Amino acid sequence: MTEMMPQMTPPTTTSPKKLFIKTYGCQMNVYDSDRMADALAPHGYAPTQDMAEADLVLLNTCHIREKASEKVFSELGRLKELQNEKRAAGSDLMIGVAGCVAQAEGEEIARRAPMVDMVFGPQAYHRLPDMLARAESQRHMHPSLKRAVVDTDFPQEDKFAHLPAARKEVTISRGLTAFLTVQEGCDKFCSFCVVPYTRGAEVSRPVEQVVGEARRLAEAGVKEITLLGQNVNAYHGVDGKGRSVGLGELAYLLAEIPGLERLRYTTSHPRDMDAALIAAHRDLDLLMPYLHLPVQSGSDRILKAMNRKHTAADYLALIDTIKAARPDMALSGDFIVGFPGETEQDFEDTLAIIRQVGYASAYSFKYSTRPGTPGAALGDQVDEAVKTERLARLQELVTSLTNQFHASMVGRTLPVLIERVGRMPGQVGGRSPYLQAVHLEGGAELIGAIHPVEIIGVSTNSLSGRLARAAAA
Ligand code: SAH
Ligand code: SF4
Ligand code: F3S
């Protein structure tokens with residue numbers, strides 16, 4: 001594919017066409033989907049929640065595990081039917097495949113699914129209006145002459161600088177909290193992972209771009225921002241003076257923004273938890289005491305084979321340092337079971353580290369062989385049945401730890417960002433610093449601010465509490 005200048009087609013003023021975006025995968029895809037909607041808004045596309053009325057459907061895909069990738073082709077099968085129905089009724093449906101499967105499989109998707117109009121990777125989103133114009137110009141061609149527009153180039157230019165600034169309406173539709181991508185891509189090359197191939201090399205957005213976007217979000221009423229990156233704590237943005245600024249220093253800058261009350265970041269790599277970031281946790285109340293810090297395995301042998309470049313002991317020592325700086329810190333993690341060569345003993349080492357850290361929550365996955373990664377070439381693949389059994393044991397342990405963590409909140413007063421009216425009349429709901437859903441009796445006037453809430457009960461997925469008016473927050 002040829003490299004194009006990011007040119008924009010002229011905005012249209014005719015009645016809006018409808019855009020439906022289906023998002024798979026991680027929060028970065030959620031953020032990207034909003035940016036794609038922003039990029040298409042000046043070109044006459046308004047978002048819809050109803051796929052059936054869409055003129056354009058974009059699938060924002062995930063390649064992380066085989067199951068995630070397969071979903072794309074079954075969804076395309078369903079879309080083909082919708083496209084046929086629409087054509088029979090005299091209208092049409094354009095289909096675009098974006099995201100990490102598009103980046104990894106590019107032309108292969110265009111070949112396997114000829115009804116797709118566009119295939120483009122995460123680094124091409126700022127070129128979307130132009131791609132769409134090219135795809136639209138082919139709409140009335142004979143099917144044998146039509147070619148999907150494929151763009152999986154990694155650009156020279158700064159994608160974010162060429163995307164329109166986050167629009168208030170789109171961003172605010174998610175309420176008082178927002179995502180903000182600060183870093184993309186990964187240079188770590190864990191041997192199981194496709195991300196370095198689908199997202200490309202690590203790139204950080206400049207400090208002023210990030211602070212500017214955070215400021216606009218806060219001005220629009222956002223109270224809590226989650227900074228995103230595949231390796232968010234590898235962030236090293238350039239500031240106005242040409243200096244490199246890490247995530248810790250960035251947090252101090254964001255803490256100055258009026259109206260912004262909470263800051264989170266995800267996903268971090270243990271090797272990038274530097275002293276400045278840990279100091280920020282010690283100093284900044286707005287930095288939430290809840291850290292997603294995946295370790296993947298508790299076995300040094302497996303960690304080595306995974307190319308994680310740290311040991312279980314390194315990780316545990318790091319957690320101690322973080323907790324010394326911020327004693328109320330709770331942790332969540334990611335685990336892979338059944339990495340090639342994983343023995344029962346390796347797996348038990350993983351259970352042991354989970355117990356030792358006492359995670360508040362954890363995501364766990366069966367190892368999925370990804371084409372093109374070094375892990376795919378390893379012998380000694382673990383049986384599917386063994387993976388299933390280990391996953392169940394791991395999840396049982398994590399569930400019991402999560403329940404203990406929730407139960408330990410009872411009797412405590414937590415600051416809760418009240419976000420919405422509750423399911424029951426007379427109730428409101430929000431989130432604790434630990435992302436727990438909390439509901440309590442109260443009126444809609446509580447919505448939009450952080451209130452002290454005394455936790456009085458626990459159920460499987462939420463905490464119940466009452467407003468602690470007297471308690472100082
Ligand atoms: N950058 C993050 C992880 C991004 S992917 C980090 O380094 O921690 C999210 C999670 O998916 C990973 O933490 C890992 O647990 C899981 N994952 C990635 N590749 C996988 C694979 N091939 N099979 C199973 N799980 C995988
Ligand atoms: Fe994947 Fe490892 Fe990079 Fe995380 S650090 S995105 S797991 S390669
Ligand atoms: Fe999936 Fe790509 Fe995110 S592979 S997890 S959507 S970075």
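Here, residue 1 is the first one in the sequence, and each next residue gets the next number. Everything numeric here is computed off the predicted structure, so don't read it as measured data. Atoms within each ligand, like the ligands themselves, are counted from 1 in listed order.
At the top of the distance list for atom 8 (O) of ligand 1, counting protein heavy atoms only, stands P294 CG, 3.2 Å. Distance from atom 24 (C) of ligand 1 to its nearest protein heavy atom, with residue and atom name: K366 O, 3.3 Å. Counting protein heavy atoms only, atom 14 (C) of ligand 1 is closest to Q296 OE1, 3.4 Å. Taking atom 19 (N) of ligand 1 as the reference point, the nearest protein heavy-atom neighbour is F192 CD1, 3.3 Å. Here the protein heavy atom with the shortest distance to atom 1 (N) of ligand 1 is Q230 O, 2.6 Å. The protein heavy atom nearest to atom 7 (O) of ligand 1 is R308 NH1, 3.3 Å.
Ring centers of Y265 and Y235: at least 6.0 Å apart, outside the cut-off. Centroid-to-centroid, the aromatic rings of F192 and F365 stay 6.0 Å apart or farther. Under the 6.0 Å cut-off for aromatic ring centres, Y197 and F189 qualify, their centroids lying closer than that.
Between L463 and H406, the closest side-chain pair of non-hydrogen atoms falls below 4.5 Å. Counting heavy atoms from C-beta on, the side chains of L217 and L180 come closer than 4.5 Å. Residues K223 and R262 fail the side-chain proximity criterion, which asks for heavy atoms closer than 4.5 Å.
Atom numbering of ligand 1 starts at 1 in the shown order; those under 4.0 Å from a heavy atom of Y367 are 23 (N), 24 (C). The distance from ligand 1 to the heavy atoms of R65 drops below 4.0 Å at these ligand atoms: 11 (O), 16 (C), 17 (N), 23 (N), 24 (C), 25 (N), 26 (C).
Shown here for Q123 and R127, the closest heavy-atom pair between the two residues is O-NH2, 4.1 Å. Across all their heavy atoms, A110 and A148 have their closest contact at CB-CB, 3.9 Å. Here the closest non-hydrogen pair linking A437 and R431 is N-NH1, 3.9 Å.
Checking S33 against T23 by side-chain atom types alone, a donor-acceptor pair falls below 3.5 Å. T388 and K366 are linked by a side-chain donor-acceptor pair at a separation below 3.5 angstrom, with hydrogens and angles left out of the test.
Distance screen at 4.0 Å: atom 4 (C) of ligand 1 has no protein heavy-atom neighbour inside the cut-off.
Taking the ring centre of Y31 as origin, the terminal cationic atom of R35 falls inside the region bounded by 6.0 Å and 45° from the ring axis.
Among P270, S368, A376, C193, the residue whose heavy atom sits closest to atom 23 (N) of ligand 1 is S368. Closest heavy-atom approach to atom 10 (C) of ligand 1 among the candidates V232, D334, V195: D334. Selection from T266, V295, V194, T267 by nearest heavy atom to atom 6 (C) of ligand 1 gives T267.
With sequence neighbours left out, the side chain to side chain contact (heavy atoms under 4.5 Å, CB included) criterion links D283 to Y252. With sequence neighbours left out, the salt bridge (charged side-chain N to carboxylate O under 4.0 Å, His left out) criterion links R65 to no other residue.
A distance limit of 4.0 angstrom between heavy atoms and ligand 2 selects the residues C186, K188, F189, C190, F192, C193, V195, P196, N231, H269, R308.
At a cut-off of 2.8 Å, measuring from atom 2 (Fe) of ligand 3, the protein N, O or S atoms that fall short of it are C100 SG, waters left aside.
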Begin with the C-alpha distance, continue with both residues' side-chain angles, and end with the deciding distance and a verdict on side-chain contact (heavy atoms from CB on, under 4.5 Å) for L277 and D272. CA-CA 9 Å; L277 183 53; D272 292 317; over 6 Å; no

